[in-house]
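Here's the structure, in structure tokens; my notes come after.
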Amino acid sequence: VDAEVEQPFQPVLAIDLGGTQIRTAVITPDHAVHARRAVLTQDQEGVDAVVGRICDLAAQTRDAAQADGLPAAIGIGISSPGPLNPWRGLVVAPPNLRGWRDVPLADRVAESLDLPAFLERDTNVAVKAEWHYGAARGTQHAIYVTISTGIGGGIIVDGRPLLGPDGTAGEVGHITVELDGPLCGDGKPGHAEAIGAGAGIAREARALLERGGSERLAALAAEGERVDAALVARAADEGDEACRAILDRAWSAIGAMCASLVNVLNPEVIVLGGSIAEHRPRVRETVKQEIERRAFATPAKRVRIEMAALGDDVSLIGSLPIVNERIGDPAYRREPADRLSSAHRGGANAP
Ligand SMILES: [Zn+2]
């Protein structure tokens with residue numbers, strides 16, 4: 001589906017639920033962001049408190065947009081950490097939201113604001129934003145990779161988002177790059193995320209300190225600095241070879257992951273986003289080198305490696321196409337009865 005030939009989109013109310021903060025905005029058809037609001041998530045207060053905060057903040061944004069004379073939103077898009085079920089609107093069990101298990105977030109938000117609501121994994125929202133309006137624009141085969149504490153991803157194949165039957169496709173950070181490598185946050189060995197992202201870099205830095213391998217890092221840590229990826233990067237920038245080696249290995253793991261994606265999916269573009277990619281341009285160069293080294297020549301020559309264009313707003317802006325495309329799609333329709341009887345009917349996404 002080519003974005004250029006579609007009917008113009010209608011404004012939507014966008015909600016970005018993160019482990020740290022909740023953000024809301026109205027997105028107009030020109031993908032501009034209006035009436036922004038943000039509040040801390042505070043998941044330690046429990047699911048109901050967080051859902052209440054989400055609904056309150058979304059209502060504030062809706063009212064502010066109305067007061068500014070913006071046209072009314074036709075629906076609500078909710079970006080959330082996965083795993084989740086986009087058809088039933090359920091947040092399944094995200095590791096960074098304590099106590100959340102099969103929460104019918106889309107229905108609760110829809111009832112509170114009296115608008116249809118659609119739920120999607122944050123990285124799938126992001127890839128839609130970069131694909132329609134950002135660095136992957138004009139392509140039919142695109143991958144978005146976000147690198148921060150962990151590594152997330154979203155994939156467009158033949159002009160369509162790759163969701164899989166359970167909505168879990170696109171978790172590129174959990175590609176194995178080292179058979180017996182360090183354990184990932186999900187407890188499994190050798191995933192790219194365990195080596196290439198912030199938590200893995202911090203783990204290697206602590207191990208380096210324990211064996212007395214970096215005087216510079218030890219000095220920074222002794223000043224009370226938190227031992228994290230940013231501190232490793234600072235020590236590396238100040239000339240510390242051991243810290244530089246940790247980062248080089250991290251970027252190589254991301255590069256190997258991308259090379260596998262190039263071989264499997266033949267993308268036109270891989271878009272790199274997230275806090276680490278934004279601040280470390282060397283990631284991009286290393287990814288290019290690893291693709292050249294590890295991928296087949298033809299798809300390696302094809303693929304472009306681009307930095308994300310829309311920053312943190314991807315998880316808000318992506319709701320514009322998602323809501324507009326799903327609002328008439330029977331796969332995403334949830335009647336009130338489905339909430340009570342979906343277990344007997346095979347789920348709301350059943351035909
Ligand atoms: Zn993993």
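Treat the numbers as computed from the prediction; the structure is a model and nothing was measured. One-based numbering, in listed order, for ligands and for the atoms of each.
Within 6.0 Å of atom CZ in R304, more than 12 heavy atoms from other residues, nucleotides or ligands are found, so the atom counts as buried in its surroundings.
Ring geometry for Y332 against F118 counts as perpendicular: the plane angle is over 60°, on a 0 to 90° scale with 30° as the lower cut.
Of the possible polar contacts, one joining the T41 side chain to the Q21 backbone as a donor-acceptor pair under 3.5 Å is found.
Evaluation of the side-chain hydrogen bond (donor to acceptor under 3.5 Å, both in side chains) rule for R244 yields no partner, not counting sequence neighbours.
For the Zn ion (ligand 1), protein N/O/S neighbours under 2.8 Å (waters excluded) are H174 ND1, C184 SG, D186 OD2, H191 ND1.
Between K288 and E292 there is no salt bridge, since no side-chain nitrogen of the basic residue lies less than 4.0 Å from a carboxylate oxygen of the acidic one. Ionic pairing of R23 and D16 is present here: one or more N-O contacts between side-chain nitrogen and carboxylate oxygen are shorter than 4.0 angstrom.
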